[in-house]
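One structure below.
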Amino acid sequence: QVQLVESGGGSAQAGGSLRLTCVASEFVYSSYCMGWFRQAPGKEREGVAGIDSEGRTRYVDSVKGRFTISQDNAKNILYLQMTNLKPEDTAVYYCAAVGGGYCDRAPLDVNEIDYWGKGTQVTVSS
């Protein structure tokens, strides 16, 4: 059972930056697809950024050019660097993994996900 633990959330002003970190309980990043999702109050959970087993990335249109997903396989860590934050980025952010080993499609759909972290709150004020 893969366990994912997020950290790095908090508060920021619009235009500011935050970096989220996700640590996995086992060595997953080089062979799993991983992603960051978010859920704002009253809204459905949505995919923000994903990375596949080859390191290829995908982003939802609303964060392209502002957010960057990356991984450190040696340290078993997944990152989400968020810049030029906007109030509409306010949400609980979740680290996520697709089970089954190697995959070639960075996940942005909640239905693709097998493992979830508990989430970390990001609040952006104007």
Side-chain angles (χ1 to χ4, degrees):
Q1 180 77 10
V2 175
Q3 293 183 339
L4 306 170
V5 180
E6 306 95 337
S7 62
S11 299
Q13 295 284 330
S17 300
L18 287 172
R19 189 177 76 163
L20 304 184
T21 298
C22 174
V23 178
S25 61
E26 61 184 69
F27 189 70
V28 300
Y29 297 127
S30 66
S31 59
Y32 282 57
C33 280
M34 305 291 298
W36 288 97
F37 289 69
R38 67 186 179 187
Q39 188 166 17
K43 294 187 177 181
E44 294 185 351
R45 192 171 299 187
E46 66 169 351
V48 175
I51 187 166
D52 71 11
S53 299
E54 298 293 337
R56 294 173 296 225
T57 58
R58 290 202 300 156
Y59 298 90
V60 68
D61 286 347
S62 61
V63 308
K64 285 180 180 177
R66 300 189 298 120
F67 290 11
T68 302
I69 186 171
S70 62
Q71 60 193 38
D72 184 333
N73 291 338
K75 297 182 179 180
N76 225 27
I77 300 175
L78 184 73
Y79 300 101
L80 184 68
Q81 179 68 50
M82 305 184 293
T83 62
N84 191 20
L85 284 163
K86 302 177 180 181
E88 51 264 43
D89 294 320
T90 295
V92 177
Y93 283 71
Y94 298 90
C95 178
V98 178
Y102 180 88
C103 77
D104 60 2
R105 178 177 171 84
L108 289 179
D109 187 332
V110 296
N111 296 312
E112 299 177 88
I113 300 302
D114 296 296
Y115 305 104
W116 294 96
K118 292 183 178 181
T120 184
Q121 176 71 45
V122 171
T123 303
V124 183
S125 57
S126 58

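For this chain, numbers begin at 1 and follow the sequence in order.
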Item checked: Evaluation steps, side-chain contact (heavy atoms from CB on, under 4.5 Å), between Met82 and Leu20 -> CA-CA 8 Å; Met82 305 184 293; Leu20 304 184; 3.8 Å; yes

Notebook entry, point to check: Of all heavy-atom pairs between Ala24 and Leu4, which one has the smallest distance, and what is that distance?
Noted result: CB-CD2, 3.8 Å

Item checked: Donor-acceptor contact present, side-chain Thr120 to main-chain Gly9, <3.5 Å -> yes

Item checked: Any donor-acceptor pair under 3.5 Å from Asp52 side chain to Ala106 backbone -> no

Checklist line | Trace of the side-chain contact (heavy atoms from CB on, under 4.5 Å) decision for Val122 with Leu18 | finding: CA-CA 9 Å; Val122 171; Leu18 287 172; 3.9 Å; yes

Check: Val63 and Val48: which non-hydrogen atoms are nearest, and at how many Å?
Finding: CG2-O, 3.6 Å

Check: Linking I/L/V/M/F/W/Y whenever any side-chain heavy atoms sit under 4.5 Å apart, do Val92 and Leu108 land together?
Finding: no

Check: Under a 4.0 Å N-O cut-off, is there an ion pair linking Arg56 with Asp104?
Finding: no

Checklist line | Residues Glu6 and Lys118 bridged, charged N to O under 4.0 Å | finding: no

Check: Ignoring hydrogens and geometry, is there a side-chain-to-backbone donor-acceptor pair from Trp36 to Tyr79 under 3.5 Å?
Finding: yes

Item checked: Exercise: identify the closest heavy-atom pair between Glu112 and Val98 -> O-CG2, 3.4 Å

Notebook entry, point to check: Roughly how far, to the nearest 0.5 Å, is the CZ atom of Arg45 from the CD1 atom of Ile113?
Noted result: 10.0 Å

Item checked: Spatial distance of atom OH (Tyr94) from atom CZ (Phe37) [nearest 0.5 Å] -> 12.0 Å

Checklist line | NZ on Lys86 to OG on Ser126, rounded to 0.5 Å | finding: 13.5 Å

Next item on the list: List the atom of Tyr115, the atom of Gly99, and the distance in Å for their closest heavy-atom pair.
Entry: CE1-CA, 3.9 Å

Check: Is there a side-chain contact between Ile51 and Gln71 (heavy atoms, below 4.5 Å)?
Finding: yes

Notebook entry, point to check: Does the pair Leu80 and Phe67 meet the rule for a side-chain contact (heavy atoms from CB on, under 4.5 Å), with working shown?
Noted result: CA-CA 7 Å; Leu80 184 68; Phe67 290 11; 4.2 Å; yes

Item checked: CD1-SG distance between Ile77 and Cys22, expressed to the nearest 0.5 angstrom -> 9.5 Å

Next item on the list: Quick one: closest heavy-atom pair of Arg66 and Thr83, and the distance?
Entry: O-OG1, 2.7 Å

Check: Any side-chain donor-acceptor pair under 3.5 Å between Tyr102 and Glu54?
Finding: yes

Next item on the list: Determine the minimum heavy-atom distance between Ser125 and Pro87, stating which atoms define it.
Entry: C-CG, 4.5 Å

Check: Does Asp89 come within less than 4.0 Å of Arg38, counting only side-chain N to carboxylate O?
Finding: yes

Check: Counting distance only, does the side-chain N/O of Thr68 pair as donor-acceptor with the main-chain N or O of Gln81 below 3.5 Å?
Finding: no

Next item on the list: Using the side-chain contact (heavy atoms from CB on, under 4.5 Å) rule, take Met34 and Cys95 through it: C-alpha gap first, then chi angles, then the decisive distance, then the call.
Entry: CA-CA 8 Å; Met34 305 291 298; Cys95 178; 4.1 Å; yes

